[in-house]
Amino acid sequence: MSELSLERGINTLKAQIDAPIASFFSSCVSCGMCASACSFYTENPEPRYTPIYKLEPMRRVWEQNFTLLGKLKVKLGIAKPVTDEMLSQWQELVYNTCSLCGRCSLICPVGNDITYMIRKLREGMVASGHVPEGLVGASTRAVKIGSPMGIKLPALQAQVKHIEKATNMQVPFDLEGAEYLLMLSSMEIMNYPEYLEAVGKILTNAGKTWTLSSECFEATNSGIQIGSSDIAKELVSRVVNAAEKLKVKTVISPECGHAYTALRWEGPNLIGRPYSFAAKHIVEVLDELREQGLLPTEGMEDAKLTFHDPCQLVRRGGVVQQPRNLLKLVASNFVEMTDHGTLNWCCGAGGGVSANEDANEVKMKAFQRKKKQLDELKVDTLVTACANCRIQLEEGLEENQMDLPVVGLTELIAEHLVERNTINEESRHD
Amino acid sequence: MTQFNMPTVGEQLRENGISRRAFLKFCGLLASSMALAPSMIPKLAEALEKATRPSVIWLSFQECTGCAESITRAHSPSLEGLIFDTISLDYQHTLQAAAGEAAEQARDEAMQANYGKYVLIVDGSIPLGNAGYSTIAGVSNLDMLKQVAKGAAAIIALGTCAAYGGLPQANPNPTGAVAVADIIKDKPIINVPGCPPIPVVITGVIAHFLAFGLPALDHLGRPKAFYGQNIHDRCYRRPFYERGLFAETFDDEGAKQGWCLYKLGCKGPITYNACATTKWNDGTSFPIESGHGCIGCSEPGFWDFGGLYNPVSLPSSLSSQHVVFATGIGVAAGVAIAALNKQAKQQAKQTREPVNVDQLNREVQL
Amino acid sequence: MSDVLFLQWVKGPLFSIAVMIFVIGVVLRLAEILSLGRAKNLAVPKGNPSLGGWREIGRRFKVDQGTFQQNKITVIAGYVFHVGLFIVMFLLAAHIALIKHSLGVSWPNLPTPVVDMAAVLSMLALVVLLIDRLSQPVKRFLSRRNDYLVWVATFLPLLTGYMTYHHLWLSPQWLLGLHILSVEALLVLFPFSKLMHTFTLFLSRWYNGASMGLRGVKS
Amino acid sequence: MVVTGNLKPVLHEIRHALQTLIEQGQPTMLDLNGIPFSPSELAELETFLGQGEIALELDVLGKTRIQECSYAGVWRIQHFNEQDKRIGYFIEVDHVPEILRSQSDDMREGLKTLSGILAMETEVTDDSI
């Protein structure tokens, strides 16, 4: 197999370019409004951070290969070619300063889905070998070990044991025919074990059968972040295989943004067929339980709290109303940020930025946008539904000496959960 | 025949029984027709009084005699008739009594007697295609024009044919017709275009020439006094244009209400002439007032403006067939380009090799 | 060349050629774009893609508050320019006559001074946008020769049209001829420049909206 | 109704002309044929100018009618042709319209004629004596 090269990169880009991309590039009027939609630009106003500019290599490949005028320019020798130097220069723009948050895609007045194009451009960056080391490492660990953070099954099993001991709850592995297959993100296993406990509590309490898979517990997909459909396909196939082997009805994507995108939207297209099961985000599942009356809660948080919408959930996933429904169950003083829902600002670390050490500095700058939103509100608690956002938020808040606890939505709900057995028993006593 | 000591215009008029008070009225009307400020009336009167009655040679080439009709059909004694009477028309083969050799002889005599002083009026265009297309007494129009122009003090190119080529020059211009100014370069030429020109404009130009010499001309050689106003700007229907009210057909409600005729092909917006103020038939009316758009007859090339009844803005050769045709070509070329694009993309897809993490790691370690 | 010959030339063969290039070019460019195709999305949809497409075509005419605050000049001048240009292009009697002549359809026109005012506003907006483009770091950075060329190509028809209406500087024939010539330049440039956004903008919004619709994203 | 908007400026011009006549003795003539009016504006103009004390008719190359307007010094001069069609329309602002004044040349000619007749009469008288 040949090595990665410029030629392979350009060839990959050619294969990526489709009608939407051609239409997007044809529509751009250089109005610059995407810059104002991007926290990497607004908090770091260098013109080259303008989202559409990050696509220049791809625009050139499109123009020179798929437009009459571009082909003519090539023939006349006046076309500016895409070079290795150019791509290594662009690596910063394509990986370090873009979290695939999709805000530019929402704002663009002519309707360009810039994020969609960046995702595709990354395919070319991968094929030409212009990728950040951090993401290569994460992808390698994901493919070879099974988790981008290098977590192996025993580590999870240890966590599970700990939970079972503490809660008296059964955490099933490889339960065939279970309704739900619960997927996790490494970050949750490492940093937020409360999540697994909370989901387990809620599902068990709702009387649902659920399971973990010992073959595949990792929901995140480094292939999506680095932009390699080959790697992404490999990773998502593992989830699909595990789910189909256990014959589950629904796979639950954890509190993670891009894992949801990978599993819910890209997965079927990567493996080339629809799933035999449903894929849902945990917040969607919780809201369904709420609707079905299987999520009884008690007590209200009276702290002033707000919700940080994970980009992949709102702008790329359409999950906007569900977290609000859930928050209303347990919070009496819930307030919205100025730009919330689909307009919410990114935490600054999505789309592989958090796994990319080169972006450490710039992601903290991008966080300033979030900080401004929070400063306006002066809340006591910040709730979110993505472990990646949560780490970035906690890091950012700490760096800016802001004393604000960040809570996962699932855990918050679990804290207020009323055990249904108790209810039933009580009603029996009456 | 031609006297060496010509009487002045004033003397000539008085001989015809015109009192000085009548002369003053005449000058007032003349000034009005020439768009001169009323304060100029005394100066005009004084100048005309003293002007020498000129000898005029009138040559008719490729023309329809409409221009001569225009000036001679006016009611007598009209203003234009009066001024026409003040000149000594020594040669005009339609009007003069003499014919044949006698007529040509009259021309020769007038030329000799007033060499360098006579005024040459030309109506009709000159064919360059073949000398035989138009001759007078066996002499081609081109030769005769050159010959007579040589001794002229000034030339009045009367009518659009003489001024710009006119109808004979209309596409495809079979006779190779050209204007006077295309041939004669060394004499002052006053273009008095129109098809035909307004009678008082013709006489006004003559009067101006008599009283004050050559009038100020615009870039097309027309006297600014008569051709300085845009028909559209002076049009009494202009308010309808501003309000966007247009007659769509010649018998619709808009036409009856006197709305703007732009959409019916009125060429007023690109035409300069005195019609809107001077009017025709003793000031009775002018085409737009009679319900028909201006055809732009005082402008060069007006026959080829793209249809008398098409709005000025319309393209002259584009039709919906062109659009359909172009769409067809576009689709055909599009299909070809699309096939090429598809092929290029397909090839890229087929030759694309999968990437694995080992390759990536080697790349990062480099 | 005399003004009339010039006018006849630009009104006649040149206009036909320009329109043909425009039509061929636009069809060709659209074919170029559409032929690249779009893979069928195998994910189970959460909403109706085409509904999302149509919704985005409409919604993107509106700007959210935050974006507006940061792009006031672009948005306001952009709107004034586009609306003005639309009025001038499609509601002036002379232009409607042209459309009726070449396509056979027509509609009522606006009073000429209204159109005149729209032209003036449109030109002012264009000047504002140019100044903004030259002074805003992002816009300036993004701008290629193409952007300035298109600016000139759009400004000239407005300017020459305005001058023709008011008889400024040259004879009406020259001005009308220059006006038509400038439109021809615009037509020829159109398919091969960002002017194509006039058409592809709807495609782009639809594609983006369809993707949003599929995911159940309601903005 | 069509309005050319030319009426107001013309009325002001007349006012200004009358002022100039009074202050500087300078007469003014306005050629109304050169200014487009709508029929309603023309009617308005007539009403505005009104009728003064003098109305005259001259017989020169067709009729010429002269009227003083409601404002002394403002004269309405209308020239007609032989078919009695108006071919000229002026407003003259002066003590007496120029065309009414006897012209010096005409007077000289008159004097000559008058002198001739009187001389002849004298001769006749002398003869009779």
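For the numbers below, each heavy atom of this structure counts, side chains included, while hydrogens, waters and symmetry mates do not. Reminder, nothing fancy here: chain letters follow the sequence lines and each chain counts from 1.
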*Taking only Lys NZ, Arg NE, NH1 and NH2, and the carboxylate oxygens of Asp or Glu, determine whether A:Glu63 and C:Arg144 approach each other closer than 4.0 Å.*
no
*Does a salt bridge link C:Glu32 with A:Lys71, judged by any charged N lying under 4.0 Å from a carboxylate O?*
no
Identify which part of [X] has an atom lying under 4.5 Å from any heavy atom of chain C, answering side chain, backbone, both or neither.
X	result
A:Cys28	backbone
A:Thr338	neither
A:Ile107	both
A:Glu46	neither

*Criterion side chain to side chain contact (heavy atoms under 4.5 Å, CB included) against C:Asn208, the qualifying member of A:Pro20, A:Ser27, A:Ser105, A:Ser23*: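 Going through the options one by one, the only one that passes is A:Ser105.
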*Roughly how far, to the nearest 0.5 Å, is the OG1 atom of C:Thr67 from the CZ atom of A:Arg103?*
5.5 Å
Under a 4.5 Å heavy-atom cut-off, does chain A meet the side chain of [X], its backbone, both or neither?
X	value
C:Arg140	neither
C:Val150	neither
C:Ser211	side chain
C:Asn41	both
C:Leu214	both
C:Lys40	backbone

_Shortest non-hydrogen separation from C:Lys46 to A:Trp265 and the atoms involved_ = CE-CZ2, 3.8 Å
